Number of protein chains: 2
Amino acid sequence: MNPASIVRVTFKQQMLQAREEAIVKTVNRLLAEKGFEAMTVDEVAAQVGIAKASLYKHFASKEALAVAAMLRVIRLMQDFIQALPAEAPALENLRAVVRWTLEAQLAADMPSLPNPNSSLRATLVANQDYMAGVRVLRDRLSTWIAAAQAAGALNPTLPAIAILYTFYVRACDPGLAFLRMDGLYQDEQIVDMVMCTCFDGVNAR
Amino acid sequence: MNPASIVRVTFKQQMLQAREEAIVKTVNRLLAEKGFEAMTVDEVAAQVGIAKASLYKHFASKEALAVAAMLRVIRLMQDFIQALPAEAPALENLRAVVRWTLEAQLAADMPSLPNPNSSLRATLVANQDYMAGVRVLRDRLSTWIAAAQAAGALNPTLPAIAILYTFYVRACDPGLAFLRMDGLYQDEQIVDMVMCTCFDGVNAR
DNA sequence: GTCTATATCCCGATAGAC
DNA sequence: GTCTATCGGGATATAGAC
């Protein structure tokens, strides 16, 4: 195999990867906008600009598309967490992560989480890469939550898992979309308000 | 028309109403468990114990089924609010309403809210009864929210509409299902934890 | 009004040429 | 790998007998 052919193969692979990335991004947006059940494969193909049959050369099923989109978000989130200062207070890092998920949601870049009884959920929990990614995220956040509780920054009477789920659910909180629909507030204000209700609650202080 | 025939008609109407109530309750539970898209009309008919064609004699479409279920929940909620003491502090009544929605959700009696871009949403906003019911609820709760803010019980820096949406979204918060799946807590504890994160937030106080 | 049986459509997935 | 064309299953909705 001569150098030229190697370059050619690499180029092809780059094209392949770029196309798959375009597919996954489109899936991501559609999952954010409509959810898994309402998203159709024809729609994905049309928005990517390829034939549906071509999609199935890249991904074996509609579920596989969704898994790829979820994996992408998990990796993006891991990258974001990786870039956070390890020496910063745990609460600050947690706030940064939650804010990141809210902004991603407003950017239509956060797939709506599968309902506990969704058909997609079974596929996800059966996927080792997905579960491994979730585990890494969960462990990292749980460590920060415990640290923030010990430091007196987060409510120590709440189980850490309850706080984790509170953050997790925020990532697809439909309240942001409702606030945006009203048209009274800028995206930044919406994020601030939800950050406030999440961490401070609605009670006066 | 003699008395006997009147009784007979009334009896028939009662049977009709009872059957429709059974249908709507079943729809309610299925909407709570799986959501609108995943619910099938065949499923509804099977669980009610009648033929699918008979369903369509009562309700014109799958959307009509969902609308009836949503209307039922709105009326139940209105009844609950009606029975609350008018002289109680606004915050107490608001807490009672939110708790009611959480308990209804755990009882699989709270339809999962339509996503902002759901096909169901268009049907709902086009329905005058539904919109009127929502308006009544919204006005009542908004009044209490404003009163609680004025009394220094709820955060006055948050827009009342943001607080309202915070409560609204809690009615289908998937966090309850996740906590229940973990099996570590009783339903009552789960409700208490979500009440805490909702009103007090996750921060320490 | 209730049933069985069926029409009709949509969607996920595939066949096969290029 | 990409395309057009199509299959097969499942879901909503209806026809027509009783």
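Chain identifiers are assigned alphabetically (A, B, ...) following the order of the sequence lines, protein sequences preceding nucleic acid strands; residue numbering begins at 1 within each chain. Given the structure is predicted, the values throughout are model-derived calculations rather than measurements.
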Side chain of [X]: nearest nucleotide among [options]?
{"X": "A:D42", "options": "D:dT12, C:dG1, C:dC11", "answer": "C:dC11"}
{"X": "B:K52", "options": "D:dA13, C:dT2, C:dG12", "answer": "D:dA13"}
{"X": "A:I50", "options": "D:dC3, C:dT4, C:dA13", "answer": "D:dC3"}
{"X": "B:V41", "options": "C:dG12, D:dT12, C:dC3", "answer": "D:dT12"}
{"X": "B:A53", "options": "D:dA15, C:dT14, D:dA11", "answer": "D:dA15"}
{"X": "A:K62", "options": "C:dT2, C:dG12, D:dT4", "answer": "C:dG12"}
{"X": "B:A51", "options": "C:dC11, C:dT2, C:dT4", "answer": "C:dT4"}

[X] [atom1] to [N] [atom2], straight-line distance once rounded to whole Å:
{"X": "A:L30", "N": "C:dG12", "atom1": "CG", "atom2": "C1'", "answer": "16 Å"}
{"X": "A:Q14", "N": "D:dG1", "atom1": "CD", "atom2": "P", "answer": "14 Å"}
{"X": "A:I23", "N": "D:dG1", "atom1": "CD1", "atom2": "P", "answer": "11 Å"}
{"X": "B:F36", "N": "D:dA11", "atom1": "CZ", "atom2": "P", "answer": "14 Å"}
{"X": "B:F59", "N": "D:dT12", "atom1": "CZ", "atom2": "P", "answer": "15 Å"}
{"X": "B:H58", "N": "C:dG1", "atom1": "NE2", "atom2": "C1'", "answer": "7 Å"}
{"X": "B:E37", "N": "D:dG10", "atom1": "CD", "atom2": "P", "answer": "19 Å"}

With sugar-phosphate meaning primed atoms plus P, OP1 and OP2, does [X] contact a base, only sugar-phosphate, or nothing at under 4.0 Å between heavy atoms?
{"X": "B:M15", "result": "nothing"}
{"X": "B:S54", "result": "base"}
{"X": "B:K57", "result": "base"}

Presence of B:Y56 side-chain N/O under 4.0 Å of D:dA13 phosphate oxygens OP1/OP2: yes

Side-chain N,O (B:R19) to OP1/OP2 (C:dT2) below 4.0 Å: yes

Carboxylate-amine/guanidinium proximity below 4.0 Å for B:D187 and B:R180: yes

Salt bridge B:R99-B:D192, side-chain N to carboxylate O under 4.0 Å: yes

Global bending angle along the helix from C:dG1-D:dC18 to C:dC18-D:dG1, which compares the axes of five pairs at either end, to 10 degrees: 20°

Aromatic B:Y56 / basic B:K62 pairing, under 6.0 angstrom, 45° off normal: no

Does a side-chain heavy-atom distance below 4.5 Å link [X] with [Y]?
{"X": "B:L164", "Y": "B:I161", "answer": "yes"}
{"X": "A:Y165", "Y": "B:L179", "answer": "yes"}
{"X": "A:L94", "Y": "B:V202", "answer": "no"}
{"X": "A:E43", "Y": "A:K34", "answer": "yes"}

Ring pair (Phe, Tyr, Trp, His ring centres under 6.0 Å) against B:Y168, all qualifying residues, sequence neighbours excluded: A:F178

